[in-house]
Amino acid sequence: MGKINITSLKPGMVLADTVLDRNGRLLLGKGVELAEKHLRIMKIWGVTEADVEGVTQESVEEELFKELDPAVLEAAGEYVRSRFVNNDLEHEAVAELVRLCTYRIAEEVSASSSVPGGLVSEEAARGAADAPDLPYPGIREIDPYKLVHDDMKLGSLPMVFHKLVEVVNDSRSSASDVAEVIGNDIDLSARLLKVVNSSFYGLQSKIDTISRAVAVIGSNQLVSLAMGFSVITFFKGIPDSLINMRSFWTHSIACGIAARILASYHNTPNTERFFVAGLLHDIGRLVMYKTLPDPSLAALEMARRKDMLLFEAEREVLGFTHHKLGGIVLKRWKCPVSLEKNVQYHHEPERAPNRLEASILQFADIMANALEMGSSGERLVPRLEPSMWDTLGLPLSVISQTAAQMDYQVSEIVQFFTQEG
Amino acid sequence: MRLSREDLEGRVKSLEEQARFTLDILEMASTLGDFQTSINKLHEPSEILRETLGRVESLIHFKATAFLLVDEVTNDFVMNVCTPAKYKEYFDGEVVQLIDNGIFSLAIRENRPITVYSRDKKYRMVLQVLATSSRTRGMFLGLMSRKDKNISAILLSLLTIILKNCANAIESFELYRLLRSGKQPDMASKA
């Protein structure tokens, strides 16, 4: 027996254990034969998995795996494992991610009828591992604080961003202030309305004004989204040789969507701030690409050749990491402290003031990387610390549920964020 | 730009009006916790819902409203009050759709008013969960004509306060009911 996802449940199956909602409310008892009315109750309460007699998630997946070519599956498995080289493959959450990614890639390859050989493992791609690193003597002299303070351009964010920060920091501000600030920026308003009307919120009806959007999704939530949007326009013009910006924002948005979904399992208020934290989690990397292009390239090269995580290569080359720089930048921009800290500690949540929130962001980043939804320059899957997974305290089924929702929402949101004008 | 005396007088008048409205709202908010009905004498929660409805209607005009309460045995949401009653079927259909598209569980999770359009796009519908810190007790549904003005943020916050108090009152009622049912066998043995 084992837990299976709600999407795999069918009438007639028999529950092998009780079903509880996220707050521990007993919904269905052990031994209940599932009928449509029980599936309705699970949907009402947002249940993600159930223990069913005689069926395991593995057996459900095995049936799915049987439909795929074994050679394709093997090649996909090898490729996926090579991307998890910094992870403990025995850990339950890592194993689940590897299984999920393998299936998705094998399914994709089968659908496109391309050859399994097209999947080149990270080890093979690395190639000339012995080639010398690009030398950057003295680069460790850079002080990240000085970097952020000296670069005048970093201070010139769009005016609407500063106004939004004022609204956030002013306890007397109201929903109408929010609507006014956002409404004055026509481009921002148009993009926000597209997101509010997208599957991200799952609303059936069209919302046509910012004041309606404030009423429907809440003013705090809309401010969080607007802040994320207004920052994006600031980082235009970074060359493709360093990073493909569409791929960068795809990764950031995927991380934001995953963070928002994971946060909702913890009854955390204003889940949009997790979306924004995900959107801006690698902002330090953009500052690096913009202000230190050559050393950034050296770090990218080092990570590729030595099979290192990119943030570890950054530390080697620059003496500091993108997450530290991200925290400094967000502080300089007077962003909310929780946003600053969550970004600053997204690779070391054990040091964060709020471990749970930083862990949510870290796992969201791991998922976005594992599912290869864009990239901020990182080619491998960041390390999952077992203690961080314990802090999250989520059932394994949440991983595939979250991935399914990410599939649905990411491409749509990316389109709104990255389109011109 | 210098404002004329007339403009300034207009501004003072509008600010005075706003202050008067705010005081009125604050006074109302401070009494929202007091229910006229004595909870320990009730036999079913409908009276609490009707009293809550009276307060909601004094704030916001809905075309129709409904309260769904959680059936503690099946964990399903069951309609307890619907006014006017002729909208019951309409609400039933909407609820099925809201459950299927995940808006219902979103409303439970988010614990704030959520506004969506009805399936036929004729109405806007406000959903707000009735929840205490320990348990979800039910769901409020309010139907508004599409042409009506948007509900202001202040009124939505007050709706949340009223419904939170309603949820607490229902919880107290349920606890009293449990207490009463627990006492009965004891009384019988004494007799």
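Just so it is clear: chains get the letters A, B, ... in the order the sequence lines come, proteins before strands, and each one is counted from 1. Remember, predicted model here, so these are calculated numbers, not experimental data.
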Those residues at least two apart in sequence (or on a different chain) that pass ring pair (Phe, Tyr, Trp, His ring centres under 6.0 Å) with F363(A) are W389(A)
Honestly, the part of L27(A) sitting under 4.5 Å from a heavy atom of chain B is both
All heavy atoms of V410(A) vs all of I253(A), minimum pair found to be O-CG2, 4.3 Å
Practice prompt. Kindly state whether the ring of F77(B) and the ring of W45(A) have centres lying under 6.0 angstrom apart.
Written response: yes
* Asked: Is R177(B) salt-bridged to E72(B), cutoff N-O under 4.0 Å?
  -> no
Bottom line for S134(B): the part with an atom under 4.5 Å from chain A's heavy atoms is neither
Ordered numerically, the heavy-atom neighbours of chain A under 4.5 Å found in residues 78-88 of chain B are none
Sorted by chain and number, sequence neighbours left out, ring pair (Phe, Tyr, Trp, His ring centres under 6.0 Å) with F140(B) holds for F62(B), F67(B)
Sorted by chain and number, sequence neighbours left out, salt bridge (charged side-chain N to carboxylate O under 4.0 Å, His left out) with K30(A) holds for none
Applying a strict 4.5 Å limit to non-hydrogen atoms, the region of V73(B) in contact with chain A is neither
Heavy-atom nearest pair, V129(B) first then G138(B), reads CG2-O, 3.4 Å
